[in-house]
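Whatever order the structure lists ligands and atoms in, that order sets their numbers, starting from 1.
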Amino acid sequence: MNDLKEMKKKLEALRAELDRHNRLYYQKDDPEISDSEYDLLFQELKELEETYPELATPDSPTRRVGAEPEAKFAAVEHSVPMLSLDNAFSAGDVLDFDARIKRFLGSNEPIEYLAEPKIDGLAVELVYENGRLVQASTRGNGFIGEEITANVKTILTVPLTLLARKDNPFPERLEVRGEVYMPLEDFGRMNRERAEKGQPVFANPRNAAAGSLRQLDPRVTALRPLNMFCYAVARPERLEAETQLDMMGLLRHWHLRTNHPELTLCRSVDEVLAYHRDLESRREELGYEVDGVVIKVNSLELQARLGATTRSPRWSLAYKFTPAGGETVVEAIDVQVGRTGALTPVAIMRPVQIGGVTVTRATLHNEDEVLRKDVRAGDTVVVQRAGDVIPEVVRVITEKRPENASPFVMPVNCPVCGSSVVRLPDESAHRCTNASCPAQIKEHLFHFGSKNGLDIDGLGRKLVDMLVDRRLVSSPADLYSLTLETLSELPRMADKSAQNLLEALNKSRTTTLERFIYALGIRHVGQRLARVLAENYRDIGALRQASVPDLEVMDEIGPTVARSVTAFMENPGNQALLDRLTGEIGFSLTPPSGPAGDSVLSGKTFVLTGALSAMTRDEAKARITGAGGKVSSSVSRKTDYLVTGADPGSKAAKAAELGVAVLNEEEFLKLFNG
Ligand code: IVH
């Protein structure tokens, strides 16, 4: 009884964890663990549920697909659910699959399969009506996906109209499925460009593709190098095709992009295994990321007879590749401190060759990850690299654990400054509580003077290290008390460079409000949000007073950012810093151009609905914020004006109910002209 209770708890924990990873992967496009680590967790849950069927639940991740669609996109119901695939990790798994199918069919004849690369991107459905692309959506939870039509239309190889052919006309309605991905070369180039511009880089091509496609602004998607392979159709029985391969031929004739030369007809399961070996050896030459082979029963009639479970078709299987891995020993677990004070455990390992690269370190992310894998100093571990992604510790070989190896404990004091460390309730990271921790100070100072910050020429990493280590500077404000004398005493600091630095510092006091906000290094506030805050508040004093609800009124600002801004402003150390910078040091901050605070629009909250004819919605937003107003996405008591374009929708009713002033486009434009 107790055992069963324990097991129930364990299953619940595993499900919750998988659900969390599903959300990170499918909704946030920002996974915390590698795909193969996910696969391991998934297999563990699946096996336990098979051993304890009484503990299985209908909503387990083993019975569902993907994650809930995000509310920021319109919902699209798939007429036929978009399923996932069962995974195989060994030839034995594939032979079992083949045997299962033969048993189901009651026949021992070899089965014909179509084998093809499993593309590592995201599944998309295209709907063509009378040959015209009318809708595109993501898989979502399998039943309901996210509408991304405008974004998909920017992919050059996705036809907007199908090519009609006399010999094989397309059906009135065609629902084609496929994978949108980013080619490796384009991914590399895009990431290099982003790094140069100081923008965050994508962890891998899959996240880059998903992040690019799940954008609210199709103009962003259009700039991203995306491509698509089609591989399936909903209700193939409506087509003039007997096999999967025939069907793929039809798609190609209609000008849909297929992965044709790779589609490999296998007369038996042995040929499938041979194709898997062959593709794995050519994996690096394909130009796109592939994580295995997809095997499909070729006959469409057999497919229909085999059917599907709630999660995956019985006629198809994903036979995954083994990730490039190796074994080594963890010599120590170091803890590093970043700019935001986050402590990151890092495994320091005996050097090991993996896929031609010597690996000596692997991030362990955070405490939960170390404890989940139970990595200890002295352990022998399996390390893995997928593509050119950062190495990861996959698992510990516990049989090889030395007797004296003790579990990892997160330090209670910061390894750099010794201050206490906290873990906030909804975070996985531990943070050093000391805002003047040298590790944090250095990162802060460097950020403060960086190109996109206050652009202080000469304030590089080496100088920052020296200034902090010699205790000459412990806050950005201290920079402005530096003298020629102190600076000239530093090693390798010529009088001329010292003079230049002082001039750069002096100059930096006259700057724009948005640069200043960005330079403060508030968590989650990058350049774009710094601009949004500057446009809406126009004055640092006003921003210092903002409350969470005030901030959340802005479209771009969610609860996390709002809380981060207010927490920063409430911190006594930061208050002293701002007092000094804007007081005695004499910063002069220019708000973004546009009429100043006395405009009729200033401080007013607008909601836009329906299509405007004279400008796009983004232009309208820019004009409002430029004039000192704010834009919100939903009508509430705080709304001052609802601006209605064509087809206004439900917001107009809400405004009437709350007595909010409603302006048509003409009236709205008049506001700007006084
Ligand atoms: S066929 C009923 N073929 O893998 C499922 N899927 O892990 C039909 N995928 O959701 C899918 N390459 O996003 C198929 N050549 C391929 C694929 C492929 C990648 C993806 C697809 C699917 C996921 C399952």
- Task: If you have a sec, work out which protein heavy atom is nearest atom 15 (N) of ligand 1 and how many Å separate them, to one decimal?
- Result: Glu116 OE2, 2.6 Å
- Item | Best match, Arg139, Gln244, Glu262: closest heavy atom to atom 10 (O) of ligand 1 | Arg139
- Query: With distance as the sole criterion, is a donor-acceptor pair present between the side chains of Arg173 and Ser79 under 3.5 Å?
  - Reply: no
- Message: I'd like the name of whichever of Lys118, Lys296, Met82, Lys320 reaches closest to atom 23 (C) of ligand 1 through any heavy atom.
- Response: Lys118
- Message: Tell me the closest heavy-atom pair linking Phe104 and Leu306, and the distance in Å.
- Response: CD2-CD2, 3.3 Å
- Task: Would you check whether Pro117 has a nitrogen or oxygen atom less than 3.5 angstrom from a nitrogen or oxygen atom of ligand 1?
- Result: yes
- Of the backbone atoms (N, CA, C, O) and the side-chain heavy atoms from C-beta on, which set of Pro313 has a member under 4.0 Å from an atom of ligand 1: side chain, backbone, both, or neither? side chain
- Query: Under 3.5 Å, N or O to N or O, is Ile119 touching ligand 1 that way?
  - Reply: yes
- Protein heavy atom at shortest distance from atom 8 (C) of ligand 1: Leu85 CD2, 4.3 Å
- Message: Counting only heavy atoms not in Glu242 (residues, nucleotides, ligands), do more than 12 fall under 6.0 Å from its CD?
- Response: no
- Neighbour count >12 (heavy atoms, 6.0 Å) for atom CZ, Arg314: yes
- At what distance, to the nearest 0.5 angstrom, does CZ of Arg372 lie from CZ of Arg395? 13.0 Å
- Note on the structure: If we number the atoms of ligand 1 from 1 as shown, the ones under 4.0 Å from a heavy atom of Leu83 are 5 (C), 10 (O)
- Item | Identity and separation of the nearest protein heavy atom to atom 17 (C) of ligand 1 | Tyr231 CE2, 3.4 Å
- Gap between atom CG of Leu55 and atom CG of Leu4 - 0.5 Å precision: 5.0 Å
- Polar-atom distance check: Glu179 versus ligand 1, any N or O pair below 3.5 Å? yes
- Are the charged groups of Lys8 and Glu12 less than 4.0 angstrom apart, N to O? yes
